[in-house]
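Along the sequence shown, residues carry numbers from 1. In what follows, every heavy atom counts, from backbone to side chain, and hydrogens, waters and symmetry copies are set aside.
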Amino acid sequence: MIEKNIESERGKVYYWTSNKDATTIFFLHGITGNHTLFEKQIEAFGGKYNIIVWDCPCHGKSRPYGQFTYSNVAADMKKILDTEGIREVILVGQSLGGMIAQFFISCYPDLVKGFVAIDSAPFGNYYSKSDLFWLRQLEWMSKMFPDKMLRKSMAKACGTTEYAQNKMSEMLSDYNKQELCHLLYVGEAAFIPENKEIDISCPVILILGEKDKVGKVCSYNKKWTERTGYELCIIKGAGHNSNEDCPDEVNEIIENFISSIIANTN
């Protein structure tokens, strides 16, 4: 993978690409993560597809960053695709990454040929007043936990396997406690002023870890599939980072999904 970056008045955003002349998959990691969240997906797909992974603004190497909004992040994604000369992309977003993908689709629907949501949540009228209230409290509430306890609980919440938990701990080590607590607020509450109903015309598939205990992700996914008819794939034994807990199963779902898109466009 080749490291590159784009710049704006908000700061530098780093991304990595395999630079292959093939269908492009843009993998978007979740909150407090970085591009290495998709280590197992890069291994599986890097030889066949053009892969892009990034450190989302405010995450990993893409710090400092001036103003995290979904509009700004979508604009940075578009600049990356323009820089790479890419006119069609399949988005795979885990957690926060899936929400960013939805907003990007709302801005640039003609660019996106398919969307895979991994343990993510929908934009739209899915959230109660209580849900939104508690999202706004995440920063100060997380500050109440001792640093080690906070990191350990986050790693345990994200994965059921030793690999996923260790990987999450490794990604969390990039941030001091103040950054970590602020990211929890930015990632979860920033969507509130930009939340809207999004009509997604491209093919969509939802992937959900059976043991995902992060917030109300399980509940939101069940409502999401009920309202839209999107296929929901439950990954047995997996937690919130199901692509790490059960990479082979998740990769097979992604591969079949992409193959069907390619077959239908040929």
Counting distance only, does the side-chain N/O of Gln165 pair as donor-acceptor with the main-chain N or O of Ala155 below 3.5 Å?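 Such a contact is absent between Gln165 side chain and Ala155 backbone.
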
Can you list, pair by pair, the side-chain donor-acceptor contacts under 3.5 Å of residues 82-93, counting residues two or more places apart and other chains?
unit_1	atom_1	unit_2	atom_2	d
Asp82	OD1	Lys78	NZ	3.1
Asp82	OD2	Lys78	NZ	2.9
Thr83	OG1	Lys79	O	2.7
Glu84	OE1	Lys4	NZ	3.3
Glu84	OE2	Lys4	NZ	3.0
Glu84	OE2	Tyr15	OH	2.6

Identify which one of Tyr49, Phe45, Trp54 satisfies the ring-ring contact (aromatic ring centres under 6.0 Å, His included) criterion when paired with Phe26. Trp54

Only distances under 3.5 Å count here; give the side-chain donor-acceptor pairs of residues 103-117 to other protein atoms, sequence neighbours excluded, each with its distance to 0.1 Å.
unit_1	atom_1	unit_2	atom_2	d
Ser106	OG	Phe103	O	2.6
Ser106	OG	Lys196	NZ	3.2
Lys113	NZ	Asp110	O	3.3

Do Glu39 and Lys167 sit within salt-bridge range, that is, some charged N less than 4.0 Å from a carboxylate O? yes

Using the salt bridge (Lys or Arg N to Asp or Glu O under 4.0 Å) rule, take Glu226 and Lys223 through it: C-alpha gap first, then chi angles, then the decisive distance, then the call. CA-CA 5 Å; Glu226 287 171 3; Lys223 291 179 181 177; over 6 Å; no

Min side-chain heavy-atom separation [X]-[Y] under 4.5 Å:
X: Ser169; Y: Arg151; result: no
X: Lys12; Y: Ile6; result: no
X: Leu232; Y: Asn221; result: yes
X: Leu180; Y: Leu150; result: yes
X: Glu231; Y: Thr225; result: no
X: Val217; Y: Ser120; result: no
X: Ser242; Y: Ile118; result: yes
X: Ile100; Y: Tyr70; result: yes

What do the steps show when you test Phe123 against Glu197 for side-chain contact (heavy atoms from CB on, under 4.5 Å), and what is the final call? CA-CA 6 Å; Phe123 264 74; Glu197 294 294 325; over 6 Å; no

Got a sec: does the [atom1] of [X] have more than 12 other heavy atoms crowding it under 6.0 Å?
X: Gln178; atom1: CD; answer: no
X: Lys216; atom1: NZ; answer: yes
X: Glu255; atom1: CD; answer: yes

Cation-aromatic face contact Arg227/Tyr126, 6.0 Å, 45 degrees: yes

Evaluate the ring planes of Phe27 and Phe38, with Trp represented by its six-membered ring, and classify them as parallel (under 30°), tilted (30 to 60°) or perpendicular (over 60°).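 If you compare the ring of Phe27 with that of Phe38, the planes turn out tilted.
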
Strictly under 6.0 Å, is that where the ring centroids of His29 and His35 end up? no

Could you tell me whether the side chains of Gln41 and Asn251 share a donor-acceptor contact shorter than 3.5 Å? yes

Can you tell me how far apart CG (Leu183) and CG (Leu172) are? Round to the nearest 0.5 Å.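 Leu183 atom CG to Leu172 atom CG measures 10.0 Å (nearest 0.5 Å).
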
Please lay out, stage by stage, how Asp76 and Arg10 fare under the test salt bridge (Lys or Arg N to Asp or Glu O under 4.0 Å). CA-CA 10 Å; Asp76 289 333; Arg10 298 178 291 276; 3.0 Å; yes

Between Lys236 and Glu249, is the salt bridge (Lys or Arg N to Asp or Glu O under 4.0 Å) condition met? List the steps. CA-CA 10 Å; Lys236 290 185 178 180; Glu249 186 175 351; over 6 Å; no

Honestly curious: do Met154 and Met149 fall in one hydrophobic cluster under the side-chain, below-4.5 Å linking rule? yes

